[in-house]
Amino acid sequence: MLRKGIPVSPGVAVGAAYSILQVFVDPQGKPLAADEVVEELERYDLAREKTVADLKALYQKVSSQISPENAEIFRVHQSILADKAFTTKVRDRIVREHCTARAALSQVLTDYTSLFARTKDEYLKERLADVRDVIVRLSGHLSAVLEDEEHHGPTGPLIVVADELLPSHVVLLGEREVVGIVTEAGGQTSHAAILARSRGIPAVSGAQGILRQVKNGDTVVVDGREGVVVVNPDPESESAYRKLQREFFDLKDQLAENRDMPAISADGEPFDLLANINSLADCRAAEAMGASGIGLFRTEYLFLTHPDVPDEDEQFEA
């Protein structure tokens, strides 16, 4: 299956699909027995209480350390949780379909995605990201995935597949071997695009419908030059793309051959070759490529990738 999208970070990568949606919000799950429904409703209510507590604590911390304006997003998320229609949708799914709370959340997210897709109001469309982030938090409290994520999902070279790469997700990428990124939403300036380019990871955005057609472990090809994504390619195509992947790596090695030579302009003037970084991993990569220092440290990533809000000592340490 081939999908066209927007090329946002060059290169070719082949790996196992790692669907963010399937990691956070399991749409599968076995049907519940009749006597398990009440217990599942209680689990959902407990997860909701924990999520409310999280958001209240985050609001207070961000409000006091940064500003009430910056903390307002957590009030928005609280209002979503307080919406009776939202909770009723989830609980009704659990009762009527005997599905797990995580599966119910997945279905509710699908419902909201379809609903928001029909509106032309850009402000309302942006609110879908808030709904998604709330569902991610709820689902995290319904499973051990946030605390013990290394034991979930495929291993080895991974192609991260997401509707969009949210700050909540970046923490979980950690030290995993991510070789490609595919998102349904976003473009050249999206969070996913910036992250991919900074790490030299091939990426494609705007691949509509990809989440419905990929499951964890599927072989996925990301062609960040042409904006093409291929799911479960035939052996001949996979072989051809793996050849392109090797050629891309070889090209990067060739470009790095002079990394230890001094940076001197054509007319003999020395200059500093500095790198823009988001993280320590970027710093290591920049050093390996011969950078002599840091030109720009995107400090907002300390906040975007932190499960809470980094205090002054953590920021200083970074």
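Nothing fancy with the numbering, it's 1 onward along the sequence. Values below: all heavy atoms of this structure, side chains included; hydrogens, waters and symmetry mates excluded.
Looking only at side-chain heavy atoms (C-beta outward), Val12 and Lys243 stay at 4.5 Å or farther from each other. Within the 4.5 Å cutoff, no side-chain heavy atoms of Ile181 are placed close to those of Val222. Side-chain contact between Val204 and Pro7 is absent, with no heavy atoms from C-beta onward closer than 4.5 Å. Taking the side chain as every heavy atom from C-beta outward, Tyr112 and Arg132 never approach each other to under 4.5 Å. Two residues are said to be in side-chain contact when any heavy atoms from C-beta on lie closer than 4.5 Å; Glu238 and Thr219 meet this criterion. No side-chain heavy atom of Thr299 sits under 4.5 Å from any side-chain heavy atom of Gln315. Side-chain atoms of Leu138 and Leu81, non-hydrogen and from C-beta on, do get closer than 4.5 Å to each other. Between Val229 and Leu2, the closest side-chain pair of non-hydrogen atoms is not below 4.5 Å.
Donor-acceptor pairing under 3.5 Å is recorded for the side chains of Asp234 and Ser237. Side chains of His77 and Asp130: a donor on one and an acceptor on the other come within 3.5 Å.
Using a 4.0 Å cut-off between a side-chain N of Lys or Arg and a carboxylate O of Asp or Glu, Asp282 and Arg298 do not qualify as a salt bridge. We find that Asp218 and Lys215 are joined by a salt bridge, their nearest charged nitrogen and carboxylate oxygen being less than 4.0 Å apart. Classification of Asp83 and Lys89 as a salt-bridged pair fails, no side-chain N sitting under 4.0 Å from a carboxylate O. Ion pair Arg284/Glu287 not flagged as a salt bridge, since none of the NZ, NE, NH1 or NH2 atoms sits closer than 4.0 Å to an Asp/Glu carboxylate oxygen.
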Next on the checklist: Using side chain to side chain contact (heavy atoms under 4.5 Å, CB included), reason through Val230 and Val220 one step at a time and then give a plain yes or no.
Outcome noted: CA-CA 6 Å; Val230 185; Val220 175; over 6 Å; no

Item to check | Evaluation steps, side chain to side chain contact (heavy atoms under 4.5 Å, CB included), between Val161 and Leu211 | outcome: CA-CA 7 Å; Val161 183; Leu211 280 169; 3.9 Å; yes

Checklist entry - Which is it for Met261 and Asn258 under the side chain to side chain contact (heavy atoms under 4.5 Å, CB included) test, yes or no, and what are the steps along the way? => result CA-CA 5 Å; Met261 296 173 64; Asn258 64 356; 3.6 Å; yes

Checklist entry - Is there a side chain to side chain contact (heavy atoms under 4.5 Å, CB included) between Gln78 and Leu58 once you walk through the steps? => result CA-CA 11 Å; Gln78 286 180 55; Leu58 280 168; over 6 Å; no

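A 6.0 Å sphere centred on NZ of Lys4 holds more than 12 heavy atoms belonging to other residues, nucleotides or ligands. Open room surrounds CZ on Phe316; 12 or fewer heavy atoms of other groups in view lie less than 6.0 Å from it. With a 6.0 Å radius and a threshold of 12 heavy atoms from other residues, nucleotides or ligands, Gln213 has its CD atom above the threshold. Around atom CD of Glu39, no more than 12 heavy atoms belonging to other residues, nucleotides or ligands sit under 6.0 Å away.
Between the side chain of Ser19 and the main chain of Asn216, no donor-acceptor pair closer than 3.5 Å is present. Between the side chain of Ser9 and the backbone N or O of Ile201 there is at least one donor-acceptor pair closer than 3.5 Å. Panel note: side chain Arg3, backbone Gln208; a donor-acceptor pair is recorded below 3.5 Å. Listed for the Ser106 side chain is no donor-acceptor partner under 3.5 Å among the backbone atoms of Arg102. Checking side-chain atoms of Glu40 against main-chain N and O of Cys99 turns up no donor-acceptor pair under 3.5 Å.
Remark: Gln60 engages no residue in a side chain to side chain contact (heavy atoms under 4.5 Å, CB included) (not counting sequence neighbours). For Asp92, the side chain to side chain contact (heavy atoms under 4.5 Å, CB included) partners at least two apart in sequence or on another chain are Thr88, Arg96.
Remark: Arg91 fails to qualify as a cation-pi partner of Tyr44 under the 6.0 Å distance and 45° angle criteria applied to the six-membered ring.
Across Ile80 and Val131, no two heavy atoms sit closer than the pair CD1-N, 3.8 Å. In terms of heavy-atom proximity, Ile294 sits nearest to Cys283 at CD1-SG, 4.3 Å. Annotation for Gly224 and Pro202: closest pair N-CB, 4.5 Å, computed over non-hydrogen atoms. Here the shortest heavy-atom pairing between Ala13 and Val179 reads CB-O, 3.1 Å. Contact detail for Val221 and Pro233: the closest heavy-atom pair is CG2-CG, 3.9 Å. Nearest heavy-atom pair across Ala47 and His141 is CB-CB, 3.9 Å.
Between Arg48 atom CZ and Phe86 atom CZ the span is 9.0 Å, to the nearest 0.5 Å. Atom CG of Leu55 is separated from atom CZ of Phe74 by 7.5 Å, given to the nearest 0.5 angstrom. Distance check: Arg137 CZ to Leu105 CG gives 14.0 Å after rounding to the nearest 0.5 Å. Here the CG atom belonging to Leu109 is positioned 9.5 Å from the OG atom belonging to Ser114, to the nearest 0.5 angstrom. Of the inter-residue distances, the one linking Leu296 atom CG with Leu274 atom CG reads 10.5 Å to the nearest 0.5 angstrom. Note that the CZ atom of Phe271 and the CD1 atom of Ile264 stand 8.5 Å from one another [nearest 0.5 Å].
Grouping the Ile, Leu, Val, Met, Phe, Trp and Tyr side chains by contacts below 4.5 angstrom, directly or via other members, places Val134 with Ile94. Cluster membership for Val90 and Leu32, using ILVMFWY side-chain heavy atoms within less than 4.5 angstrom, is shared. Cluster membership check: Ile159 shares its hydrophobic cluster with Met1, using side-chain heavy-atom separations under 4.5 Å among Ile, Leu, Val, Met, Phe, Trp and Tyr. Phe248 and Val228 fall into different hydrophobic clusters, where Ile, Leu, Val, Met, Phe, Trp and Tyr residues are linked whenever their side-chain heavy atoms come under 4.5 Å apart, directly or through other members.
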